[in-house]
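Read the structure below first, then the notes.
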Amino acid sequence: MYNEIEKQAIDVLFNATIKLDSEVSKDKITLEFPPNHDMGDIASTVTFQLAPILKKSPAMIAEDIVEVIEVPKIFTKIESKGPYVNFFIDYNIFAEGLLNSINSDYGQLSKIDEKIVLEHTSANPNGPLHIGHIRNSIIGDSIRRLLLSSGRQVETQYYVNDMGRQLAMVVYGIKELGLQIEDQGQSKIDHNIGLIYLKVNQELEKDPSIDEGVTNLIKEYEQGTNEELNQLFHDTIDKCLTGFKQTLKRMNVYHDKYVWEGDFIRNGDVDKYVDEMVEIGYARMEDVLRLKLGDYQIKNDLVLRRADGTSLYSTRDIAYHMYKCDQGDIVLDILGSDHKLAFKQVKAALTILEKIEEDSDDVSVLFYEFITLVDGSMSSRTGNFISVDDLIDESVKRANIEIKSRRQDLSEDEISEIAEIIGVGAIRYYISRLSPEKHIKFKWDEALNFEKGCASIQYAHARASKLLQNAIDQGINLDQLSFEDNWQPNQFEINLVRTLSKFPKLISESAEIRRIHPIANYCQELASDFNRFYKENKVVGSEFESSRLILVEKAKITLHNALDILGVTAPERM
RNA sequence: GGGCUUGUAGCCUAGCUGGAUAGGGCGUUAGACUCCUAAUCUAAAGACCGUGGGUUCAAAUCCCACCAAGCCCGCCA
């Protein structure tokens, strides 16, 4: 609906430029939103492009355009203001059309023939997920939802790091130090494993020879001939992943597939690609086997094998990325900014192996900066971290207290259910609203804010729900609403309609640049517009009851769908 | 030392392919519930856009230098 209006604006602008003998191609005519509503709904800056051609100031050209431009029915007027050509939408016409076009899957754009293989989270299975990891999961999962909404196909993968040193240390603790996962006394199994990892690190400080034992375990597991050892590695990882999955499920984070890195050793891919890189001449044996990447403006060699012949993370990651390239059209990783160099190296390797063109965007990353605690960075090794489980528990606990102080009429079960929705929402929103390149210093009170945070958006949704329920209780059939003939949207209704109309464009643009924080911003804006409308307009029992109920219903849908992209549940009441 | 990222009101932040009065939010101050949930709304105060140069008709946005914070430069992942 909104698209059509933009098209009309571009058409008449185009015709106007022809009349002025200064035709510009239609795709060069870009539109933007004016800084405030007094200046209209749509603005064009074509005049800046025409200025050098016509040798006149943009402001004069704007006046000329307005002089000759034909005003389509959907606009009340087109004005020039300085260099801008501003379009004013006729909401008496537009509101009904727009609202009629909103159905339950508003924001779901038409299908794009593109499949994206999206890897996110992929935390090492050596202890619980902490708040550093969860930024990855939240961004990754929201990107998945955003890309799906934009019409693309997405497969999300969790890359299970079973060959790494960290995991081997846990296994060492179980096998050689007699530590039992079930004996660690933590409430969740991944926390138990984290405690073993911590203990092995402490032992290692006292007895450096443990290091050699761990190395031997890695070697033996990579050879894969010791069935009992294989089983121990697998069991340990499975247990840890069981814990992860519980946490991720609670956070509304979904993976389609878990891919084990060891598989790329077992199926021979790692050897095959290493051999190929040797053959092509980029990998050379010096002190160890090194991949030379000077041709790709990377000074640091990538070591492909340890001196003892075992593989390294980066090597296996190359094989994994080769695999992912075959699974879809686009490969997208969500990674912490500490992986920037490593990723460049992997990408260079993919180029060497002729999987992708140099500088291709088909394999790319969304990087995010770290979350640190006030007293320094997090570390599973030293146990200095806040686990996601603790974070959720605290958030839900606070939400619970908040609800109890507001609602005395709800049962304990109802409160718990709503507290979970609000608590998890607060966390997801806190991460989603920020640009990924912003470094976060974690503070409880900032993360878990129930006023003007996510809760206020959820509240707007709950309000809308309640309002519709009230209407139903009065015997109104929501399926048979129609606009009153004399309804002319007032300023509050116009603002709400305008914001609603921006949603599909927001989806396509955000998906294009692969950013989720514009969606979070939008949720806030929409909730705000809805709350203002609600405050100033009686709905049930008003002169325009039917039109307003339609407006409320559509706002509710949009709020719901926007929150859904952020993985935030929209509650029916709170 | 080299590279990448960030620096916007007391605090958090959007804007960064240059263009309209730098947009939100928290907090502060002053108001609003006999009226569909006040987790709300209204109003006010609060910003030399890190600093210094430069390019331009026009710079928060581009270029250079500097300062500050974070990250990377492993036979860790």
Side-chain angles (χ1 to χ4, degrees), chain A residues 30 32 34-36 38-39 43 45 47-48 51 57-58 81-84 86 122-124 126 161 163-167 215 261 287-290 297-300 302-314 316-317 336-342 344 367-370 372 377 381 399 402-403 405-407 409 422 430 433-441 443 445-446 449-460 462-471 473-474 517-518 520-521 524-525 527-528 530-542 545 548 552 573-574:
Chain A
T30 54
E32 54 190 61
N36 73 53
D38 304 339
M39 299 168 180
T45 51
T47 59
F48 288 105
S57 78
K81 176 149 190 195
Y84 297 89
N86 294 337
S122 303
N124 273 332
N126 65 325
N161 196 310
M163 310 290 290
R165 191 158 198 95
Q166 280 90 333
L167 198 254
T215 301
E261 65 167 345
D287 52 336
V288 281
L289 188 64
R290 290 169 175 275
Q297 288 76 50
I298 300 169
K299 287 180 210 144
N300 311 73
L302 181 65
V303 174
L304 291 173
R305 286 190 194 291
R306 294 192 182 94
D308 66 8
T310 53
S311 66
L312 287 150
Y313 174 82
S314 311
R316 301 184 295 261
D317 209 25
S337 64
D338 54 332
H339 285 69
K340 281 186 179 176
L341 175 61
K344 266 168 100 172
F367 287 111
Y368 61 90
E369 288 295 330
F370 275 42
T372 51
S377 51
R381 188 171 51 79
E402 203 72 29
I403 298 165
S405 74
R406 296 167 198 274
R407 299 287 300 264
D409 55 322
I422 293 172
Y430 170 64
R433 58 182 267 271
L434 298 177
S435 295
E437 55 271 2
K438 287 271 186 188
H439 171 225
I440 298 177
K441 263 206 182 76
K443 295 182 192 113
D445 290 336
E446 269 172 27
N449 179 3
F450 297 124
E451 284 184 30
K452 269 298 175 189
C454 191
S456 75
I457 301 162
Q458 292 171 313
Y459 182 67
R463 261 184 165 174
S465 282
K466 185 65 184 301
L467 205 40
L468 296 171
Q469 189 55 50
N470 287 343
D473 292 347
Q474 306 230 339
H517 69 270
N521 263 312
Q524 177 70 251
E525 188 188 342
S528 211
F530 179 79
N531 281 326
R532 283 180 194 137
F533 157 79
Y534 178 91
K535 194 76 186 175
E536 300 295 330
N537 297 276
K538 183 142 187 72
V539 178
V540 178
S542 76
E545 178 180 79
R548 287 183 180 158
V552 170
R573 65 210 158 125
M574 61 189 274

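Every chain is numbered from 1, with letters handed out A, B, ... down the list of sequences.
The side chain to side chain donor-acceptor pair (under 3.5 Å) check on A/Asp308 picks up A/Thr310, with sequence neighbours excluded. Taking the salt bridge (charged side-chain N to carboxylate O under 4.0 Å, His left out) definition, one finds that A/Glu402 meets it with A/Arg406, sequence neighbours left out. For A/Lys443, the salt bridge (charged side-chain N to carboxylate O under 4.0 Å, His left out) partners are A/Glu446, not counting sequence neighbours. Every residue two or more places apart in sequence or in another chain that forms a side chain to side chain contact (heavy atoms under 4.5 Å, CB included) with A/Lys438 is listed here: A/Arg135, A/Ser435. Residues passing the salt bridge (charged side-chain N to carboxylate O under 4.0 Å, His left out) test with A/Glu536, sequence neighbours excluded: none. Scored by the side chain to side chain donor-acceptor pair (under 3.5 Å) test, A/Thr47 finds no partners at all (sequence neighbours excluded). With sequence neighbours excluded, no residue forms a side chain to side chain donor-acceptor pair (under 3.5 Å) with A/Ser57. Under the rule for a side chain to side chain donor-acceptor pair (under 3.5 Å), A/Ser377 has no partner lying at least two apart in sequence or in another chain. In terms of the salt bridge (charged side-chain N to carboxylate O under 4.0 Å, His left out) criterion, residue partners of A/Asp409 (sequence neighbours excluded) are, by chain and number, A/Arg407.
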Would you tabulate the pairs of protein nitrogen or oxygen atoms and nucleotide nitrogen or oxygen atoms of nucleotides 1-4 of chain B closer than 3.5 angstrom?
residue: B/G2; atom: O2'; partner: A/Lys299; partner atom: NZ; Å: 3.2
residue: B/C4; atom: O2'; partner: A/Lys340; partner atom: NZ; Å: 2.8

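Among B/C36, B/A39, B/C75, the nucleotide with an atom closest to any side-chain atom of A/Arg406 is B/A39. For A/Ala462, whose side chain is taken as the heavy atoms from C-beta onward, the closest listed nucleotide among B/C71, B/C36, B/U37 is B/U37.
Regarding A/Leu167, its CG atom lies at a distance of 16 Å from the P atom of B/C76, rounded to whole Å. When the P atom of B/G25 is taken as reference, atom CD of A/Gln524 falls 7 Å away, rounded to whole Å. Separating the CD atom of A/Gln458 from the P atom of B/U37 is a distance of 18 Å, rounded to the nearest angstrom.
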What does the B/S/- profile of nucleotides 10-22 of chain B look like, 5' to 3', with a 4.0 Å heavy-atom cutoff to protein?
-SBSSS---BBB-
Nucleotides 40-47 of chain B: protein proximity per nucleotide (B base, S sugar-phosphate only, - neither; heavy atom, under 4.0 Å):
BSS-----
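Pair assignment for B/C33 gives none, since no Watson-Crick or G-U wobble pairing has each distance under 3.5 Å. Summarising the base pairing, B/C26 is matched to B/G10 through a Watson-Crick or G-U wobble pair whose two defining distances lie under 3.5 Å.
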